[in-house]
Amino acid sequence: MYIAHINEKDGTYQSVEEHSYNVAKLAEAFSIQPLGNVIFNAGLFHDVGKFQALFQRRISGEAVRVEHSGCGAQLCVKNYPGSLLGFMMAYCIAGHHSGLPNGGSKNDTADMATLYGRINREYEDYSAWEGSLSAKTFSDSQFISFLTADCNNDKRKIIDKLAFWIRYCFSCLTDADTIDSAGFCGEDIVAPMKTDFKRCLMRLNEHFNSFEAQTMLQKKRSAIQAQVFDGLQQSGEIYTINMPTGSGKTLCSVKFALEKAIAAGKKRIIYVIPYNSIIDQTAGVFEGIFGQDMELLRHQSTFSYSDDEQYSSEYSLKAKYNSENWQADFIITTAVQFFETICSHQKSRLRKLHNMADSIIVFDEVHQLPLKYLRPCLQAVACVTKYLNAQAVFMTATMPDFKSLLEKYSFANINVVDLVRDKKDFIYFRKCHYDFLAQQDKEFIVQQALEAPSALIIVNKRQTARDIFSLCTGEKYHLSTYMTARDRERTISKIKMRLSSLAADYPDWKNVPPERRICVVSTSLIEAGVDLDFYTVYRELTGLDSILQAGGRCNREGHREYGDVHIFELPDSGTDDIKTNLTRSIIEKYEALDSEEAIGEYYHRLFAINDQQIDKMGMSGEKGAAVNTSIPFQDIDMNMIDSPTISLVVMQDEASRQMIEGLRFSGRANVRHLQKYTCTIYCYELEQLSKQGVVDDCNGIIWLTDEKYYDETIGVIFEGRDYIVGAEGDIMSITAPSEGGGIIL
């Protein structure tokens with residue numbers, strides 16, 4: 001018997017034949033019909049390299065090195081000469097342990113890690129598979145017709161689409177392989193996380209019915225939401241929900257998703273959010289409404305179930321396993337997790353791709369998709385909805401013309417349905433006046449803000465936020481990513497409590513004494529998903545979408561007829577990017593910045609200006625990089641967090657100190673557990689801290705060794721501590737405070 005696995009718990013063997021057929025059948029069950037036989041064969045051949053005598057010696061305990069995954073890739077190319085599907089299988093099999101390789105070229109030598117390099121290697125005889133495995137037939141011509149549909153004979157779009165299907169096949173194969181291997185080797189089989197969609201919908205309807213629309217604003221909110229629900233019977237692949245801030249988009253979209261999922265028998269709902277900070281708030285809302293009827297899977301970098309006391313150990317274990325392949329009925333995740341999964345080469349990411357099929361996928365704040373990766377993001381959504389029986393919902397208060405963008409950058413004949421066509425009631429949600437103060441210094445902005453009962457000042461740079469915060473007096477708060485996630489969450493909670501108290505004590509906002517006035521200085525992290533309501537907002541000039549998001553924090557509940565959002569520039573801002581310059585021209589042309597006309601022109605011009613950049617990247621890489629079947633998978637992983645920053649861990653309590661101590665001794669740490677103690681700094685700022693000897697690192701995790709270099713109010717302090725030796729040999733420290741003042745000896 002040729003052995004594939006040995007169960008170390010009981011010493012039993014699993015044959016290569018048994019494992020191969022198990023994986024083939026399971027992978028085929030995961031697949032959509034046009035690719036079923038191909039994915040079956042990929043599962044069947046993925047471990048033919050284990051028929052090598054050298055592999056059998058290794059699994060029996062000999063210390064020998066042997067490669068087995070290249071054998072199946074070589075077999076597929078030789079047995080199916082000139083077959084496109086043969087190459088697809090070769091990609092998947094070659095990478096089923098290490099991730100999808102770059103294609104390379106036919107002339108690649110055996111020492112190269114490309115697909116062609118691995119095909120060109122010499123392996124031990126593995127022909128024993130022929131007496132054990134029987135493949136299924138498939139048709140290249142049928143697949144090519146399927147592949148080229150909706151591409152308008154655009155070769156590049158065809159190759160982009162091919163890249164998607166290779167990743168999809170790889171997902172089916174690797175998930176099936178992982179499940180069967182783990183099952184035989186005695187690992188615990190964890191049940192999927194279940195949600196009762198019908199009971200959740202019943203709970204949500206009860207929640208909606210508990211509100212009685214009395215004010216004009218409430219009635220208009222209900223009218224806009226009714227348009228969304230009226231569109232439930234419309235057949236579409238992508239639905240757009242363009243609703244103004246404060247009109248109840250989140251719960252409206254969830255009701256729509258539940259109704260759709262129940263009516264169409266969808267397997268799961270995936271809720272995609274741009275920021276980790278928004279997930280915390282949204283997940284809290286969902287868990288509060290749906291209770292025990294929903295086992296919510298939160299898949300985000302900054303969250304760990306084992307750190308949250310509200311989750312049992314059993315629930316935490318279930319969430320951990322199901323996050324690996326998204327075996328859950330209701331998932332809430334970030335745009336980074338979602339799109340980097342679809343456009344990745346890594347097994348750990350791609351394994352969950354096939355489980356996006358038969359889903360309702362809601363994209364919150366969809367306008368924030370990065371321009372650099374807009375084309376592959378739209379292509380990915382088009383493929384998942386058009387071919388995997390999923391339906392997507394695009395939701396935002398500032399909606400670009402996605403129908404035109406999808407037609408231009410992805411594939412033809414995408415059925416896009418606009419659910420909110422009548423926008424006459426949007427005017428009731430324009431609760432702010434926007435005015436441009438032109439160029440003003442920091443002192444003027446602070447002086448004006450401190451006159452208001454509550455004010456929010458949002459700036460573009462973290463150092464600017466710190467500088468302005470130091471000028472503020474009275475009750476003041478600071479928010480930026482110089483602070484750890486733990487401190488940002490605590491600060492936001494305190495701000496929310498203090499604003500609520502202020503509104504209760506001064507409902508007419510008159511005669512608020514200086515000591516009760518509240519001023520918050522923040523970077524853009526506060527603009528989306530943070531449910532705060534300020535009397536007035538000051539926003540440094542930037543893109544129009546960000547300015548309107550800032551306006552959503554002003555007079556949010558509509559207690560006054562209008563609030564004021566003041567847009568300003570700083571003399572030393574150094575801001576001269578495309579979005580800022582474009583906003584400047586929109587301000588000059590339109591009095592109402594939140595009008596449909598202003599928003600439409602802003603996006604139209606923004607995409608036109610950035611057309612070349614958008615068109616450069618696709619699912620198969622940069623323009624011109626993909627040639628026929630040679631796709632550079634390892635070179636095209638999307639990094640949607642495109643900034644030269646470093647994560648820095650700050651030890652803030654006993655738990656974080658113990659984790660760092662464990663890292664020092666073992667070299668290992670649970671990165672997710674450390675996320676809430678992490679802030680971000682630039683590379684040159686890390687250099688400053690390194691020169692002062694206050695950082696250490698192990699296996700890529702960097703932490704602050706001197707707690708005096710961190711302040712819970714403002715975050716990391718870079719003007720650190722120097723030590724000098726005095727005339728008598730005494731050691732003295734010289735500290736430069738972070739917020740000005742003299743030198744302290």
Side-chain angles (χ1 to χ4, degrees), residues 150-164 167 237-238 240 242 272 274 334-336 338-344 361 363-386 392 394-396 398-414 416 524 542-546 548-549 576-586 598-627 631-633 635-643:
D150 308 311
C151 291
N152 294 331
N153 296 317
D154 184 327
K155 182 180 178 181
R156 186 175 170 222
K157 286 187 177 182
I158 293 170
I159 298 173
D160 283 339
K161 200 168 164 185
L162 175 63
F164 174 84
R167 290 184 175 105
E237 289 156 351
I238 298 174
T240 62
N242 182 195
V272 184
T334 61
V336 171
F338 186 88
F339 288 110
E340 288 187 0
T341 288
I342 296 182
C343 295
S344 179
I361 309 170
F363 295 93
D364 191 15
E365 307 293 356
V366 70
H367 68 281
Q368 296 197 17
L369 293 177
L371 290 174
K372 181 178 179 180
Y373 298 116
L374 182 63
R375 178 184 166 112
C377 286
L378 294 179
Q379 288 179 334
V381 175
C383 284
V384 171
T385 55
K386 197 166 185 64
F394 283 2
M395 183 172 66
T396 179
T398 54
M399 184 73 72
D401 181 6
F402 276 113
K403 187 175 180 65
S404 299
L405 293 170
L406 283 158
E407 190 76 21
K408 181 174 184 178
Y409 296 118
S410 66
F411 309 107
N413 305 316
I414 305 295
V416 181
S524 61
T542 186
L544 180 61
D545 52 334
S546 293
L548 297 180
Q549 288 282 4
D576 193 34
D577 60 280
I578 291 172
K579 281 190 171 185
T580 302
N581 290 331
L582 184 53
T583 304
R584 229 183 246 111
S585 65
I586 295 294
I599 295 169
E601 181 171 340
Y602 171 78
Y603 279 122
H604 176 76
R605 292 171 60 184
L606 179 66
F607 293 128
I609 293 168
N610 288 279
D611 178 61
Q612 288 187 334
Q613 180 192 9
I614 296 170
D615 196 50
K616 187 177 181 181
M617 179 65 74
M619 284 195 293
S620 61
E622 291 191 8
K623 194 171 185 177
V627 180
I631 301 173
F633 284 106
D635 296 340
I636 58 179
D637 274 4
M638 286 166 44
N639 180 14
M640 293 181 69
I641 306 176
D642 189 17
S643 61

Heavy-atom check, side chain of [X] versus side chain of [Y], under 4.5 Å:
X	Y	result
Met617	Gln379	no
Phe402	Ile238	no
Leu371	Leu606	yes
Phe394	Val381	yes
Ile342	Val384	yes
Tyr602	Ile599	no
Asp615	Arg156	yes
Phe607	Leu405	yes

Nearest heavy-atom neighbours spanning [X] and [Y]:
X	Y	result
Gly618	Pro376	C-CB, 3.9 Å
Ala412	Asn152	CB-ND2, 3.8 Å
Phe633	Ala163	CE2-O, 3.9 Å
Thr240	Val416	CG2-CG1, 4.0 Å
Pro632	Ser620	CD-O, 3.8 Å
Ala382	Ile414	CB-CD1, 3.8 Å

Between [X] (side chain) and [Y] (backbone), is there a donor-acceptor pair under 3.5 Å?
X	Y	answer
Asp577	Thr580	yes
Arg605	Ile586	no
Lys372	Gln613	no
Thr396	Val366	no
Arg375	Lys616	no

Contacts of type salt bridge (Lys or Arg N to Asp or Glu O under 4.0 Å), residue Asp364, not counting sequence neighbours: none

Contacts of type salt bridge (Lys or Arg N to Asp or Glu O under 4.0 Å), residue Lys408, not counting sequence neighbours: Asp611

As an exercise, state the distance from [atom1] of [X] to [atom2] of [Y], rounded to the nearest 0.5 Å.
X	Y	atom1	atom2	answer
Cys151	Ile159	SG	CD1	10.0 Å
Phe339	Ser344	CZ	OG	14.5 Å
Leu582	His604	CG	NE2	11.0 Å
Leu378	Leu406	CG	CG	5.0 Å
Leu162	Arg167	CG	CZ	10.0 Å
Met619	Cys383	CE	SG	4.0 Å

Leu369 vs Phe363, side chain to side chain contact (heavy atoms under 4.5 Å, CB included): CA-CA, chis, key distance, verdict: CA-CA 10 Å; Leu369 293 177; Phe363 295 93; 5.7 Å; no

Cation-pi geometry met for Lys161 and Phe411 (6.0 Å, 45°): yes

